[in-house]
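Structure first, then comments.
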Amino acid sequence: MLMPKRTKWRKQMKGRNRGKSFRGNKIEFGDYALKATEAGRIDSRQIESARISMTRKINRMGKTWIRVFPDKPLTAKPLETRMGKGKGAVDRWVMNIKPGRIIFEMAGIDEELAREALTLARHKLPFKTKIISAKDSNELY
């Protein structure tokens, strides 16, 4: 699973996830990409699951880039625990995703195979996405 090696603070507040993505909203490396069209959180398990399904589909040909990294800890209290007694332990690592953010990129394979692989990956994610290509990536959202 993806997680930071070390962080300055062990626990963070959840914060808000508003607005559009102005960073990471253009294809930088590959020819085809998966772009978020709505806000949400992506978990390290979801990233790994999508990555595995993509690489299996393309038979390890071409190259894939993961453009997101989960560096925000989410905490959870154990089940059947009474209220109070502080904040729970770190449960999982997530990243807030805003609309327009590129999640995965692919290069070195033909368009049909890339679309099939990215379709498999988008089924693993908890928010709506669309597949874009570098040719028509001038639109932002």
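Numbers here simply count residues along the sequence, with the first being 1. The structure displayed is predicted, hence computed values, not measured ones.
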So if you build clusters from Ile, Leu, Val, Met, Phe, Trp, Tyr with side-chain heavy-atom gaps below 4.5 Å, do [X] and [Y] land together?
X      : Y      : value
Ile109 : Met54  : yes
Phe104 : Ile131 : yes
Ile66  : Ile27  : no
Ile102 : Met95  : no

*Would you please name every residue forming a side chain to side chain donor-acceptor pair (under 3.5 Å) with Glu48, sequence neighbours left out?*
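Residues passing side chain to side chain donor-acceptor pair (under 3.5 Å) with Glu48: Arg51.
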*For Asp43, which residues count as a side chain to side chain donor-acceptor pair (under 3.5 Å) partner, sequence neighbours excluded?*
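Testing Asp43 for side chain to side chain donor-acceptor pair (under 3.5 Å), a comparison that skips the adjacent residues, returns none.
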Value rounded to 0.5 Å, distance of [atom1] in [X] from [atom2] in [Y]:
X      : Y     : atom1 : atom2 : result
Ile132 : Lys26 : CD1   : NZ    : 10.5 Å
Lys124 : Arg45 : NZ    : CZ    : 14.0 Å
Met83  : Lys77 : CE    : NZ    : 6.5 Å
Gln12  : Lys14 : CD    : NZ    : 13.0 Å

*How would you list all residue pairs meeting ring pair (Phe, Tyr, Trp, His ring centres under 6.0 Å) that involve residues 32-76, not counting sequence neighbours?*
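For residues 32-76: Phe29-Trp65.
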Shortest non-hydrogen contact from [X] toward [Y]:
X      : Y      : result
Ala39  : Asn17  : CB-ND2, 3.9 Å
Ala107 : Gly30  : CB-CA, 3.7 Å
Leu125 : Gln46  : CD2-O, 4.3 Å
Arg41  : Pro126 : O-CG, 3.3 Å
Lys98  : Ser21  : CB-N, 3.7 Å
Ile42  : Phe127 : CB-CE2, 4.1 Å

Backbone N/O of [Y] and side chain of [X]: donor-acceptor pair under 3.5 Å:
X      : Y     : value
Lys87  : Lys11 : no
Glu105 : Glu28 : yes
Lys35  : Pro99 : no

Donor-acceptor pairs under 3.5 Å, side chain of residues 110-123 to any protein atom, not counting sequence neighbours: which ones?
from, atom 1, to, atom 2, distance (Å)
Glu111, OE2, Arg115, NE, 3.1
Glu111, OE2, Arg115, NH2, 3.2
Glu116, OE1, Lys57, NZ, 3.4
Thr119, OG1, Arg115, O, 2.6
Arg122, NE, Thr129, OG1, 3.4
Arg122, NH2, Thr129, O, 2.4

_Does Met1, at its CE atom, have more than 12 non-hydrogen atoms belonging to other residues, nucleotides or ligands within less than 6.0 Å?_
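Buried by this count: over 12 neighbours within 6.0 Å.
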*Start with the C-alpha gap between Thr64 and Ile58, add the side-chain angles, then the distance that decides, and say whether side chain to side chain contact (heavy atoms under 4.5 Å, CB included) holds.*
CA-CA 10 Å; Thr64 59; Ile58 63 172; 4.0 Å; yes
*In the hydrophobic clustering (ILVMFWY, side-chain contacts below 4.5 Å, transitive), which residues join Met3, or is it alone?*
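Its cluster mates, by chain and number, are Val90, Trp93.
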*Hydrophobic cluster of Val94, others only, ordered by chain and residue number, side-chain cut-off 4.5 Å*: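 Grouped by the 4.5 Å side-chain rule, Leu74 form the rest of the cluster around Val94.
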*asked:* Less than 4.5 Å apart, side chain to side chain, heavy atoms only: is that true for Pro70 and Ile47?
replied: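 The answer is yes; the side chains approach within 4.5 Å.
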